[in-house]
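Treat the numbers as computed from the prediction; the structure is a model and nothing was measured. Naming convention: chains lettered A, B, ... in sequence-line order (proteins, then strands); numbering from 1 in each chain.
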Protein chains: 2
Amino acid sequence: MGVTKTEIFTEKQNQLAIVLKVLAHPARIAILEYISTQEACICNDIVEEVGLAQPTISQHLKELKKIDLISGEIEGKSICYCINLQKWKEIQQLLNSFFLNTQSNCC
Amino acid sequence: MGVTKTEIFTEKQNQLAIVLKVLAHPARIAILEYISTQEACICNDIVEEVGLAQPTISQHLKELKKIDLISGEIEGKSICYCINLQKWKEIQQLLNSFFLNTQSNCC
DNA sequence: TTTATATATTGCAATATTACGATAATAAAG
DNA sequence: CTTTATTATCGTAATATTGCAATATATAAA
């Protein structure tokens with residue numbers, strides 16, 4: 001089939017999976033890392049930095065925006081992408097509690 | 001195309017993406033959570049617990065094993081699956097450093 | 001050896017993802 | 001208004017993922 005059976009899982013499990021899925025691509029990891037190193041907000045050279053075609057980067061940015069991980073503000077004719085710190089920390093906590101709650105207790 | 005251009009990314013970016021991809025499915029999250037709640041090592045009722053067909057669960061377990069996140073020991077006619085704590089902590093650290101290094105400094 | 005139980009593998013259909021060329025949309029500059 | 005630069009969208013090809021029925025494999029019990 002190719003479609004995930006979300007209905008049999010909990011809200012939390014699905015949400016965590018969605019967030020992880022967005023993060024689970026080297027290009028999107030690279031984009032996030034690159035944005036974070038930029039002093040100013042001028043983040044329109046992601047295309048050159050990452051090395052994928054412009055439509056591909058645009059698509060990846062869209063996915064990051066979809067879960068509110070980054071936000072884009074129009075700055076002249078370019079757009080400034082920034083990490084949404086609140087969401088960032090939210091995800092960090094989501095992952096932390098997952099890792100803390102899920103521990104081995106055998107073997 | 002549909003194939004990720006791994007060659008243009010760093011080793012770290014690719015590794016992180018692979019690990020996140022494995023975790024990025026509600027069924028695999030559910031499996032890990034279920035295994036962690038089991039007192040003993042007898043973890044062969046994952047199929048009933050999660051609610052997917054047996055071959056599907058087997059496939060998900062295979063992916064978790066592929067990155068060494070779980071290990072399966074033969075115990076009679078069933079197999080005991082356990083979380084690999086060392087790998088678990090390794091991933092946790094990998095994620096932690098990613099989240100610490102990647103922070104917003106604009107907007 | 002036969003039967004029952006548990007897990008793995010194979011093969012396949014449905015859907016999702018990745019990447020990019022072509023093109024549209026938007027806004028500053030001339 | 002036209003041109004230029006930047007980002008978004010559309011359409012499409014190649015590949016990956018998800019899920020399951022059918023079947024294979026392996027081990028314990030009878």
When B/Leu20 is tested against each of B/Leu94, B/Ile91, B/Leu95 for side-chain contact (heavy atoms from CB on, under 4.5 Å), which residue passes?
-> B/Leu95
Within the pair [X] and [N], is there a side-chain N or O less than 4.0 Å away from OP1 or OP2?
| X | N | answer |
| --- | --- | --- |
| B/Thr56 | D/dG19 | no |
| B/Lys62 | C/dT7 | no |
| A/Lys5 | D/dC20 | yes |
| B/Lys77 | D/dT25 | no |
| A/Tyr81 | D/dA8 | yes |

To the nearest Å, give me how far apart [atom1] ([X]) and [atom2] ([N]) are.
| X | N | atom1 | atom2 | answer |
| --- | --- | --- | --- | --- |
| B/Gln59 | D/dA21 | CD | P | 13 Å |
| B/Glu73 | D/dT27 | CD | P | 15 Å |
| B/His60 | D/dT18 | NE2 | C1' | 7 Å |
| A/Ile31 | C/dT18 | CD1 | P | 11 Å |
| B/Glu75 | C/dT5 | CD | C1' | 15 Å |
| A/Gln54 | D/dT9 | CD | P | 11 Å |
| A/Ile74 | D/dT7 | CD1 | P | 11 Å |
| B/Ile79 | C/dA8 | CD1 | C1' | 8 Å |

Of A/Thr6 and A/Leu61, whose nearest nucleotide on DNA chain D comes first from the 5' end?
->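 On the 5' side of the pair lies A/Leu61.
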Pick the nucleotide of DNA chain D nearest each of A/Lys21 and B/Gly76; which residue has the one closer to the 5' end?
->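 Nearest-nucleotide comparison on DNA chain D picks A/Lys21.
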Sugar-phosphate, base or nothing in reach of B/Thr4, heavy atoms under 4.0 Å | sugar-phosphate
With a non-hydrogen cut-off below 4.0 angstrom, is B/Leu52 in contact with a base, only sugar-phosphate, or nothing?
-> sugar-phosphate
From the options [options], select the nucleotide whose nearest atom is closest to the side chain of [X].
| X | options | result |
| --- | --- | --- |
| A/Arg28 | C/dT7, D/dA8, C/dT18 | C/dT18 |
| A/Ala53 | C/dC20, C/dA6, C/dT18 | C/dC20 |
| A/Val3 | C/dT15, C/dA8, D/dT7 | C/dT15 |

Please report the closest heavy-atom contact between B/Ser36 and A/Asn101, naming both atoms and the distance.
->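 Answer, listing the atom of B/Ser36 first, then A/Asn101: OG-O, 3.8 Å.
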Non-hydrogen side-chain atoms of B/Trp88 and B/Leu85 separated by less than 4.5 Å =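 Yes, their side chains come closer than 4.5 Å.
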Any idea how A/His60 and A/His25 line up, ring-wise: parallel (<30°), tilted (30 to 60°), or perpendicular (>60°)?
-> tilted
Under the side chain to side chain donor-acceptor pair (under 3.5 Å) test, residues paired with B/Glu63 that sit two or more places apart | B/Arg28
